[in-house]
Enquirer: 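Handing you this structure, nothing more for now.
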Amino acid sequence: APSILRAQTAVTFAVPNPSALTWLPYWVAVGEGYFAEEGLDMRLEAIDGSSAVLQAMSAGQAQIGAPGPGPTLGARSRGVDVKFLYNLYPRSVFGILVKDESPAQTPADLKGTVIGVGTADGAEVSFTKAIMTDLGMVEGTDYTFLPVGDGGTAAVGFMRDEVGSYAGAVSDAAILASRGLTLREITPEAYLGFFGNGIAMLESQMAATPDLAPKFGKAMVRGMRFATDPANKEKALAHCAVGNPQEAEQDYAASLYDGVVVRMTPTEAFIGQGYGYQPPEHWQAIHDSAVASGALPEALPDLAAVYSNEFVAGWNA
Amino acid sequence: MTMAEPRPLTAGPAAPASDYAGRPVYEIARLSKTYARNRLTALTDVSLTLHKGEFVSVVGSSGCGKSTLLKIMSGLLPPTTGRVVLEGRPVTGPRDDIGMMFQQATLLPWKTTVENIILPIEIRQGRAAARAAVPRAMDLLKLVGLGDFGHVYPGELSGGMAQRASICRMLISNPAVLLLDEPFSALDELTRDFMNMELQRICAEQQSTAFLVTHSLAEAVILSDRILVMKPRPGRIVEEIVIDLPRPRTLDMINTPRFGEIVAHIRDLLGKEAFQ
Amino acid sequence: MTMAEPRPLTAGPAAPASDYAGRPVYEIARLSKTYARNRLTALTDVSLTLHKGEFVSVVGSSGCGKSTLLKIMSGLLPPTTGRVVLEGRPVTGPRDDIGMMFQQATLLPWKTTVENIILPIEIRQGRAAARAAVPRAMDLLKLVGLGDFGHVYPGELSGGMAQRASICRMLISNPAVLLLDEPFSALDELTRDFMNMELQRICAEQQSTAFLVTHSLAEAVILSDRILVMKPRPGRIVEEIVIDLPRPRTLDMINTPRFGEIVAHIRDLLGKEAFQ
Amino acid sequence: MTATPDPNADTVWVEHEALIDRIPRWVAMLVLAAIVIAIWDLATARTGWVSPIILPSPAETLADLIFVGHNLLTGGYMLDALWTTTRTVFWAFLIAIVIGFSLGVLVGETKFGERAVMPYLVAIDTMPKVAFAPLFIAWLGFDIASKVALAAFIATFPIVVSTAAGLYAASENERMLFKAMGASRMQTLLRLKLPTGLPHVFTGLKIASVGVMAGAITGEFLGGGQGFGALIRQSASTLDTPRVFALILYLSLLGLALFFAVAWLQKRLVFWNKADRPGGVG
Amino acid sequence: MTATPDPNADTVWVEHEALIDRIPRWVAMLVLAAIVIAIWDLATARTGWVSPIILPSPAETLADLIFVGHNLLTGGYMLDALWTTTRTVFWAFLIAIVIGFSLGVLVGETKFGERAVMPYLVAIDTMPKVAFAPLFIAWLGFDIASKVALAAFIATFPIVVSTAAGLYAASENERMLFKAMGASRMQTLLRLKLPTGLPHVFTGLKIASVGVMAGAITGEFLGGGQGFGALIRQSASTLDTPRVFALILYLSLLGLALFFAVAWLQKRLVFWNKADRPGGVG
Ligand SMILES: Nc1ncnc2c1ncn2[C@@H]1O[C@H](COP(=O)(O)OP(=O)(O)OP(=O)(O)O)[C@@H](O)[C@H]1O
Ligand SMILES: Nc1ncnc2c1ncn2[C@@H]1O[C@H](COP(=O)(O)OP(=O)(O)OP(=O)(O)O)[C@@H](O)[C@H]1O
Ligand SMILES: [Mg+2]
Ligand SMILES: [Mg+2]
């Protein structure tokens, strides 16, 4: 292959979660050789949370990262020149989940209940708060949050009936379902704009390696396109198995795959803009709720600097 | 029964034990001990009998197995072969009726002298009995000249003082059999003489049977009814000498010709085997 | 210079030190020591002078401060007041020219007997010198009757054997001044007599100055040029006795009337103050 | 040391301490602190070598230290959190002491414990405690009980190992003495082996006092709750590193207090061990 | 014990070991394992008291144990992960020993160390190590170096405390002896205090051997990489608890090996400490 002849630069991509399906287009691009074609020698490092991803990026250990938008705003407010480039989860990763047999059908039914969250001010908190505030409910009087952690400890929250609902990543629902705890999502469609993690780089990094973002995004979009074709599912799953062989051994991997593809596909309104597009109004909403919840000490002077859609057209070309 | 009557004056080898007045309490036969660690035969074919109220001493060169013999007699070490019987019951472990004084004083550093002394009572009869024994412990301390040192920690005692304290610890429980391993080695002659006389008095009063390891021939002679002479490599008893001095013994007996004769005899015996 | 010439035969209190032949090496004046821990005055106003090649013994009842005196002389403990000068230099810490033997044998359990003996060489001159000293250490061990026990660990030695090993440890570095704290207390008389004669020979050969704590008056008399008598509470020197027996001393001197006289005199002195 | 000493002068011992020991404590601590802070400042504020979202500058941290201190002093929400964590640490330490000590005695005193129980304890303790957090929460809920369990779990092992080691510390002579006195196994244990082993036990307690802090914070990290660990995690998740470090510094005051309380207790209880001056003899 | 002993019979010592000590090791271990597994089975598979999401049943765990074992034996991806973790643990333990031992000597031997350095060590060690993980990654990258640093960091403290405690173990007589021989401070340290303190040092090493495992896994949890910790995190994030427990069980074999290697070394090096039989004297 011609790529071998070109000098390859090792690039590290830091992600906050060890699941390979969560980074589906990446593993497909690796497996299909898209990165190699761009002359990129990629490494993926799964570390603990978006903050750690941003820290690794600012330390220069990772050139590209996949943080959530909340922590990205936080880092920006602390003077880190991070820029969000690619919206990986245009349909959000979060959802409000209730037990299958729960009478609750909409968030309005959660009045007077305890809502489980990962941590007391994770991104899911501002997400949920925004929904509840729009319904005229106030935290502390109409509902309360209980930090229950994620994964196993979150499941415990349901099983001990300490929480009636849980605000968390929807992939958790698929996992819990496979373990015999069926959850139902009651997130209103309108709030799916609270998109999830995406690809980000430091501005200084972008200046130092100007062709990295175009090449990386291009391969990602190609991977995404490959993965959305149902005919390629088997192959895509096999590519993900390289990244996380244990996940591939799970019988629910196939159904999780479908869920991921849905969440990664932009809504009707924005599908025309191509993969990776970040609607400014959604950024504004995320920003405002972060300010309202106190996660951001004050409003950012120039929210537009946090993200950029400049490469989207090129990637989708 | 007191030991005051004069007895047959035969200071000779292996006077048959049956000559003796008291009933046998301690019987040891064909005892041998090999230390597993270095395969060293410390004792071989040791036989001896102690009678009720008798005072027997063991002398012998350093390393000939005296401490080993005492530890076996007190049930602290198992013999390799042979019999150890006390009051008709084989000794297969420590017994309440034996009082043992070790060659090292071994006082517990976190207890004051008097607390160290009442320790055996505390162990056998509990704290209340131990508290009740404090006055007696103080008396014993006064007796050995440590009246002022009851509430001092062992780190503040001199070598001889620690040794005296450990004698008190042995005496506090009035044991029927006393096994003493060089109890007075760190004492000056005067204190030693005094302690010897006290020991004689205590044994006579309680009719205790005593078995003493000592390096002082004078001490052995003045205290004992019989003296056993041991030789090393392997440790064995080569001679038994009956001391025919009348009881109660007094310190001026040391200056009698008979005393000098016996001491000279033993020194001779020990000297037979040249040093090294 | 050997000590063989007869000297003025005055066994009396406080013979002035200047009568003596050798040049003074050790000077101690107005020494006193109070232990901070229990505010106990262990020594008060002790003055003494040791001359080159002299052998001086200290006797006194248990707890009168002998070990304390030795520890101060060797620079292990600071005096509370007073002067300690060796070879013109004040003693303010341990010195290479002093060899000290402690009342407790204190052998390191992880070293064999011979390794324990060469330890001072190892400390002062390094491993190579220590290795070179092994044959000499084995000779010393043979001398004290432990020829077979060089490669045995201290846990397998008897009390007296450990004591003998620690004597070898002191002798290995040929110190000019020997400070000995009851070195032979755990030895039988025969071994003890033999060791005494060896000690005399070694001191004469090396012209060492020796200072010995002992409880055996016979040992003190047979070895010493002078004997200091201490009394307790507070510890002090009450008498100095010059021993006028000719040198070299032999064991049969013990049976001479002069010997008996001197021993009796000291026993008397010690006995003046009643026990307690 | 004069070559020709005045014959009337007393011998004065100059206790020649090594230079390193003559430095006064506060000077040493301040100098050390100054060096650390200087390097820290250099790496962050001066050169920007370390990004502020990884390591805040000393000045930023100080500002947050004051903020947190103010909140604590005025009884704000942080005081509640600190109190929660303190309670967690207290109970966990107590439980770890009781269980660790009992297991330590079992392991050190019986062959059964040494050979059969110890391998299991080692195996359990090697396992990442994090994996047990859900178990503890399932059983004990989201309250401090589950954090107490996790912290106690972490702190127990050092106490077990140290206590067991301490029981071997008595010398053969001392064992012989107790045997000769006819002491029961329990008496030998209580009156000889445990007092002799106290220095070992305290080594374990010191290590555990630090482990229990780590355990409580880990528990609060993983399982929510209202403690200091949760505050730290919140701050960390918004990359508010100055706050993270300020909180951690207050937390280490709690750890220091616990550690030195144990050290103080040791000085009191192991009073007979006089060899407590570094380098000294008397 | 016959009342009228045959005068020709030897006295036979029946070493009356306590009942608990007479149980053979393998029986005891098997019985303990059986009890634990029975309760575990009861709580999970039989009664469903504990949900399988939190605690898998023994049968499920066994299935995964076989699966993981097969993968390890056939040189699958898990073997690579195990090898990575083993290397991490090895280097971290080595570094922890060197640093912990040096600091322990500084703390135990000098007033400067005891009074000025120790408070800082305690303070640092009380801090949640998790907060330092990003720092280590920033400096050392995603490779095993950052995990080694974290694991060594966790394992160092027990060695410091134990080594320092060990330096106090020599008796006053022994110190006097060395002083009298004119031993320098360094010689006293090397030839007396350290050998005497070895049992203490080994206590610390044992605790550290377990701490270093925990540290390596925590590092891999938090900071990417290819080790066993990453595998556990993957399984945990998919709530595959049987796999989590299977992986943890294999991991604890590594921990057991390390711990008992240290214990074996102790037996060899501290050979003179003969009081190594529980309850025994001889
Ligand atoms: N470390 C110490 N702390 C406090 N007091 C001590 C200490 N060592 C000794 N003493 C006290 O000092 C006095 C003298 O003790 P020293 O050891 O010098 O006696 P000694 O003459 O050597 O006795 P012995 O012949 O019994 O060995 C004793 O009363 C003792 O209690
Ligand atoms: N624990 C042990 N392990 C191995 N050998 C030992 C042990 N204790 C003593 N020995 C050996 O057994 C022999 C006899 O020792 P023992 O202590 O009985 O002598 P002893 O007669 O008491 O001597 P001393 O008068 O010097 O105290 C010695 O050669 C000694 O080396
Ligand atoms: Mg003996
Ligand atoms: Mg003394």
Side-chain angles (χ1 to χ4, degrees), chain B residues 35 37-38 40 42 59-68 102-104 142-149 151-153 155-164 181-182 184-195 214-218 230 232-233 263 266-267 270-271 273-276, chain C residues 35 37-38 40 42 59-68 102-104 142-149 151-153 155-164 181-182 184-195 214-218 230 232-233 263 266-267 270-271 273-276:
Chain B
Y35 279 105
R37 218 189 285 172
N38 49 7
L40 188 137
V59 297
S61 63
S62 166
C64 73
K66 304 179 295 295
S67 297
T68 305
F102 294 90
Q103 197 163 0
Q104 283 82 24
K142 252 181 232 119
L143 184 79
V144 302
L146 292 178
D148 299 344
F149 290 86
H151 299 294
V152 142
Y153 286 93
E156 302 164 12
L157 297 179
S158 79
M161 287 156 84
Q163 217 181 29
R164 282 180 277 163
D181 199 347
E182 308 191 20
F184 308 131
S185 64
L187 300 186
D188 56 293
E189 289 192 12
L190 210 78
T191 315
R192 189 168 191 151
D193 287 343
F194 176 82
M195 295 291 300
T214 179
H215 287 313
S216 161
L217 299 186
M230 286 184 71
R233 298 186 201 185
V263 169
I266 302 171
R267 186 170 287 130
L270 286 170
E273 194 167 330
F275 186 75
Q276 265 299 312
Chain C
Y35 279 106
R37 217 188 286 171
N38 49 8
L40 188 137
V59 297
S61 62
S62 165
C64 73
K66 304 180 295 295
S67 297
T68 305
F102 293 89
Q103 196 163 1
Q104 282 82 25
K142 254 183 229 115
L143 184 79
V144 302
L146 292 179
D148 299 344
F149 290 86
H151 300 293
V152 142
Y153 287 93
E156 301 163 13
L157 297 180
S158 78
M161 287 156 85
Q163 217 181 29
R164 282 180 276 164
D181 199 348
E182 308 192 19
F184 307 133
S185 64
L187 300 186
D188 56 292
E189 289 193 11
L190 211 78
T191 315
R192 188 169 192 152
D193 286 344
F194 176 84
M195 295 290 301
T214 179
H215 287 312
S216 161
L217 299 186
M230 285 184 73
R233 296 183 203 188
V263 169
I266 302 171
R267 186 170 288 130
L270 286 169
E273 195 167 331
F275 186 75
Q276 271 293 319

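The sequence lines fix the lettering, A, B, ..., with proteins before strands; numbering per chain opens at 1. Any value given below was found using the heavy atoms of this structure, including those in side chains, with hydrogens, waters and symmetry copies removed.
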Enquirer: Going from OG on C:S61 to CZ on B:R192, what distance comes out if it is rounded to the nearest 0.5 angstrom?
Expert: 14.5 Å
Enquirer: Less than 4.5 Å apart, any side-chain heavy atom of B:L217 and any of C:E189?
Expert: yes
Enquirer: When rounded to the nearest 0.5 angstrom, what distance separates CG in C:L190 from CD1 in B:I266?
Expert: 12.5 Å
Enquirer: Between B:D148 and chain C, with a heavy-atom cut-off of 4.5 Å, which part of the residue counts as in contact: side chain, backbone, both or neither?
Expert: side chain
Enquirer: So which of C:M161, C:K66, C:Q163 has the largest heavy-atom pair count under 4.5 angstrom toward chain B?
Expert: C:M161
Enquirer: Sub-3.5 Å donor-acceptor pair from the side chain of C:D188 to the main-chain atoms of B:S62, do we have one?
Expert: yes
Enquirer: Which atom pair, heavy atoms only, marks the closest approach of C:Q103 to B:A186?
Expert: NE2-CB, 4.3 Å
Enquirer: Who passes side-chain contact (heavy atoms from CB on, under 4.5 Å) against B:Q104, sequence neighbours left out?
Expert: B:T106, D:N173
Enquirer: At a heavy-atom separation under 4.5 Å, does B:S67 approach chain C through its side chain, its backbone, both, or neither?
Expert: neither
